[in-house]
Amino acid sequence: MRRLVKIILALAVAAALVWVLKGKAPKQEEISLAQTNVEAANELATAYAEGRDTLLFHSQEIDEKQVYHLLQAQDPYYSALSAASFEDGSLQLTYEVPRRKEQEQGLAAARQAGAQAAAEQTSITGKLKEIHDALIRSCVYEETGEERVQMAAGAAEDGTAVCAGYARAFSAMCDGAGIDAYYVEDDDMTHAWNAVRLYGETYFIDCTYDDPVPDQGQRVGDAYFMLTADEMRESHTWDEQLYEDFLDSQYPENFEYIQRMQDLQLADPALRAADTDKDAEQKELDALNQTLGTTLAKSVVYTNEDGEEACMTRGELYRLGYEALWDDVDGRHRIEDLIDSYIVPLIPARKMGF
């Protein structure tokens with residue numbers, strides 16, 4: 001049975017008051033040059049982290065509701081967004097996080113729980129499943145009218161939450177386990193769940209729908225674990241293009257190779273999407289060359305097409321490493337020797353088509 005709970009936000013975008021102001025010009029640091037909703041949300045989240053809660057946008061393409069969806073996606077706080085429009089068509093957005101200290105405590109508890117739940121797993125999917133199961137076993141779906149059921153704190157500390165609390169807690173638990181996971185909600189903000197990118201594909205996880213009602217203790221469903229968009233669309237509706245554009249902005253192109261190599265236990269499991277475009281270290285290249293028994297490159301530093309010195313990124317390094325696993329060596333793929341010597345686990349390799 002579907003369960004939809006209205007996410008009540010004091011200053012929610014759907015009910016935010018929009019008013020016209022003629023006030024003095026804002027400070028230069030409060031003006032954003034963002035042209036898209038994804039850019040606007042990313043800039044506002046960054047500004048908030050730096051201690052500024054308000055930005056002014058001149059682009060007519062900025063929509064406060066979509067920006068709010070994307071702030072929710074990347075920032076697991078129960079929050080609010082207020083909007084003010086000016087006569088020149090510009091839009092001022094103010095991001096607020098009520099009861100922040102209380103929320104931070106709940107998020108910290110969720111991160112710790114996620115790290116513990118995933119500790120024995122080596123594959124990304126295995127970690128996600130353990131976190132999914134741990135959250136469901138420790139939380140009961142209940143509408144109490146209290147704000148905490150919409151926070152990660154409700155799920156992680158009280159063991160009581162609605163869909164928003166489940167989804168925020170899941171995002172934080174994944175963060176604690178070193179996995180990037182994001183909050184997704186429908187247009188009316190009546191239901192929330194999570195999205196992850198694995199090997200370049202988007203998958204959805206709805207812990208709320210997998211938790212039986214009435215509660216059945218340790219019983220955990222899995223009908224809504226790692227669903228594709230086509231599968232999820234049968235029971236959920238959301239702004240698919242908005243979230244795909246957002247996920248594109250969060251997951252660099254080569255991150256899928258890092259994920260594949262992590263599952264093959266050939267890359268540091270602590271690497272995140274944000275590490276993809278960072279410079280690789282020579283010791284990483286040397287270790288991978290030795291493990292693979294080949295030379296991907298002699299140095300991470302090289303001369304680019306413009307004749308300038310450049311450094312290989314981690315994404316490029318692990319893309320080269322993954323591609324080298326397919327190389328034929330004496331009539332079989334290089335990875336087969338790594339499987340035979342127990343360097344690479346058999347099952348993940350077979351799942352990847354080796």
Side-chain angles (χ1 to χ4, degrees), residues 1-3 5 72-74 76 106-142 149-186 191-199 201-229 231-236 238 243 247 251 259 262-263 269 272-273 347-348 351:
M1 177 180 178
R2 293 187 187 180
R3 293 164 298 176
V5 56
Q72 296 277 282
Q74 62 187 291
L107 290 169
R111 292 187 184 99
Q112 182 177 5
Q116 292 173 347
E120 301 301 318
Q121 294 293 320
T122 56
S123 72
I124 299 170
T125 302
K127 292 176 182 179
L128 288 168
K129 186 62 166 66
E130 289 298 323
I131 292 170
H132 165 277
D133 291 0
L135 174 57
I136 291 172
R137 289 186 178 120
S138 64
C139 191
V140 175
Y141 182 91
E142 186 175 346
V149 297
Q150 299 180 51
M151 302 176 184
E157 296 183 307
D158 306 338
T160 303
V162 293
C163 59
Y166 277 82
R168 291 186 174 108
F170 185 83
S171 289
M173 291 174 74
C174 287
D175 184 42
I179 300 173
D180 302 291
Y182 298 95
Y183 182 99
V184 179
E185 61 190 359
D186 59 19
H191 188 56
W193 58 97
N194 297 93
V196 298
R197 276 268 179 94
L198 185 61
Y199 310 154
E201 297 294 330
T202 301
Y203 295 94
F204 299 94
I205 300 169
D206 191 334
C207 294
T208 309
Y209 274 31
D210 277 341
D211 195 356
V213 175
D215 189 69
Q216 298 181 25
Q218 296 299 296
R219 183 181 174 188
V220 174
D222 61 4
Y224 293 91
F225 177 74
M226 296 295 283
L227 299 188
T228 64
E231 294 168 330
M232 200 68 169
R233 204 177 295 122
E234 294 180 5
S235 55
H236 295 60
W238 69 103
Y243 284 101
L247 292 172
Y251 290 92
Q259 290 181 313
Q262 286 174 327
D263 272 357
R272 305 286 287 271
I347 294 178
K351 286 182 177 180

TODO: Identify the heavy atoms of Asp206 and Ala192 that sit nearest to each other, and give their distance.
DONE: OD1-O, 4.3 Å
TODO: For the residue pair Gln72 and Arg168, confirm or rule out a side-chain donor-acceptor distance under 3.5 Å.
DONE: yes
- [ ] State which residue, out of Thr202, Leu128, Thr125, fulfils the side chain to side chain contact (heavy atoms under 4.5 Å, CB included) condition with Val196.
- [x] Leu128
Open item on the list: I need the full list of salt bridge (Lys or Arg N to Asp or Glu O under 4.0 Å) pairs touching residues 108-125, with sequence neighbours left out, sorted by first then second residue.
Closed with: Arg111-Asp175
Task: Backbone of Thr228 reached by a side-chain donor or acceptor of Glu231 within 3.5 Å - done: yes
Open item on the list: For the backbone of Ala223 and the side chain of Asp210, can you confirm whether one donor and one acceptor N or O come within less than 3.5 Å of each other?
Closed with: yes
Task: Summary of ring-ring contact (aromatic ring centres under 6.0 Å, His included) pairs that have at least one residue in residues 115-135, sequence neighbours excluded - done: His132-Phe225
Open item on the list: According to salt bridge (charged side-chain N to carboxylate O under 4.0 Å, His left out), who are the partners of Asp158, at least two apart in sequence or on a separate chain?
Closed with: Arg148
TODO: Mind telling me whether Tyr209 and Tyr224 have parallel, tilted or perpendicular rings, with 30° and 60° as the class edges?
DONE: perpendicular
Open item on the list: Whether the side chain of Tyr251 engages the backbone of Asp180 through a donor-acceptor N/O pair (distance < 3.5 Å, no angle test) should be reported.
Closed with: yes
- [ ] Before giving the answer on side-chain contact (heavy atoms from CB on, under 4.5 Å), spell out for Trp238 and Trp193 the whole-Å C-alpha distance, their side-chain angles and the decisive distance to 0.1 Å.
- [x] CA-CA 11 Å; Trp238 69 103; Trp193 58 97; 3.8 Å; yes
TODO: Quick one: do His236 and Val184 satisfy side-chain contact (heavy atoms from CB on, under 4.5 Å)? Show the steps, please.
DONE: CA-CA 11 Å; His236 295 60; Val184 179; over 6 Å; no
